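Since the structure comes first, as structure tokens, the remarks are kept for the end.
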Amino acid sequence: MVARDVSSRSLADLYSLNERVALVTGGGRGLGAAIAARLAEAGASIAIADVDMVLAKETAEKLAAGGATAIAVHMDVTSPESTIEAVQSIRDQLGEIDILINNAGLLGIPSPYNEIKDEDFNRVIAVNVRGVLNVSRVVAPLMVAAGREGVIINIASTASFRVPNPGTIIYTTSKHAVNAITKGLAVELGPQGIRVLDIAPVMVETPGLLELRERSVQKARESGETVELGNPAAFADLPLGRNANEDDVARVVTFAASDAAILMTGCTLAVDAGSMVVK
């Protein structure tokens, strides 16, 4: 399928997501909730998928209260069965999916290479890598069958483009894999009208990061080590002077999901304040 030439359309029309359905995994809070809010603002109907239904319902209800069409579904991205069931529920309630945001992910507990536990490694890889592939291989064939010019956007990280911080082997490995999945899917799905992109944020102040920072500080106190996990002061020397917030990323995701980005696939959009230039 040849990508359409949209040069004659207005910017307002290109950025509009009216009459499109977006699935956001890990959408119950943090970055996923922020992405869902911006997609809804652009006109998309939103499916908030999360393993925590309380959070998913709260976020969907908040969007609905603001005038958006939004539902909550339970989804464990590591389970093909759960994913299939959730996707079918979305189709029954909202129609075919046009936009998939693979946002669900784990940071994992920072550990030196010789202290990495198999269970920690397997858990992060299951969510960050297998989860992206699980949901994509359920949703993409449905996009193709419905004749949709779909978009899959995977949340990657600048960690997979820079020298990794000590103790982040598991997380960095998982995000390298996400990059590979994005490129592979882009090649296979492009001829069928599906675009696939990475968004690579620098450290984002999310609830998950704050929780991990607290656990890391406690671990450091017990071991006598010093931990500077995502310390905002460490980003002051970046060209743009700060780390990212959730909405910084959500705005770029919304652009990537729109027809304004219709000729973009297989690439990474960095939301990094210039970190990859200087770090």
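Note that the coordinates shown come from a computational prediction; the quantities given were computed from them, not determined experimentally.
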Quiz item: So if you build clusters from Ile, Leu, Val, Met, Phe, Trp, Tyr with side-chain heavy-atom gaps below 4.5 Å, do Val135 and Val73 land together?
Solution: yes
Charged N to carboxylate O under 4.0 angstrom, Arg148 versus Glu96?
no
Answer yes when Asp248 and Arg242 have at least one side-chain N-carboxylate O distance shorter than 4.0 Å, and no when they do not.
yes
Consider only side-chain heavy atoms of I, L, V, M, F, W and Y, link residues closer than 4.5 Å, and tell whether Leu197 and Val24 are in one cluster. yes
**Study point:** Exam field: side chain Ser79 to backbone Ser82, donor-acceptor pair closer than 3.5 Å
**Key:** yes
- request: Before accepting this row, confirm whether a basic side-chain N of the pair Asp198/Lys175 lies closer than 4.0 Å to the acidic partner's carboxylate O.
  value: no
Those residues at least two apart in sequence (or on a different chain) that pass side-chain hydrogen bond (donor to acceptor under 3.5 Å, both in side chains) with Asn114 are none
Sorted by chain and number, sequence neighbours left out, side-chain contact (heavy atoms from CB on, under 4.5 Å) with Ser10 holds for Ala12, Asp13
#### Entry: Charged N-O contact under 4.0 Å between Glu149 and Arg4
yes
Step through the shown structure and confirm whether more than 12 heavy atoms of other residues, nucleotides or ligands are within 6.0 Å of NZ on Lys183. yes
Rounded to the nearest 0.5 angstrom, the OG1-CZ distance for Thr254 and Arg251 is 9.5 Å
>> Does Arg123 have more than 12 heavy atoms from other residues, nucleotides or ligands lying within 6.0 Å of its CZ?
In response: no
message: Less than 3.5 Å apart, any donor N or O on the side chain of Asn103 or Thr25 sitting next to an acceptor on the other?
response: no
Exercise for review: Answer yes or no: does atom CD of Glu119 have more than 12 heavy-atom neighbours from other residues, nucleotides or ligands under 6.0 Å?
Suggested key: yes
Correct closest heavy-atom pair for Ala186 and Thr265 would be CB-OG1, 3.6 Å
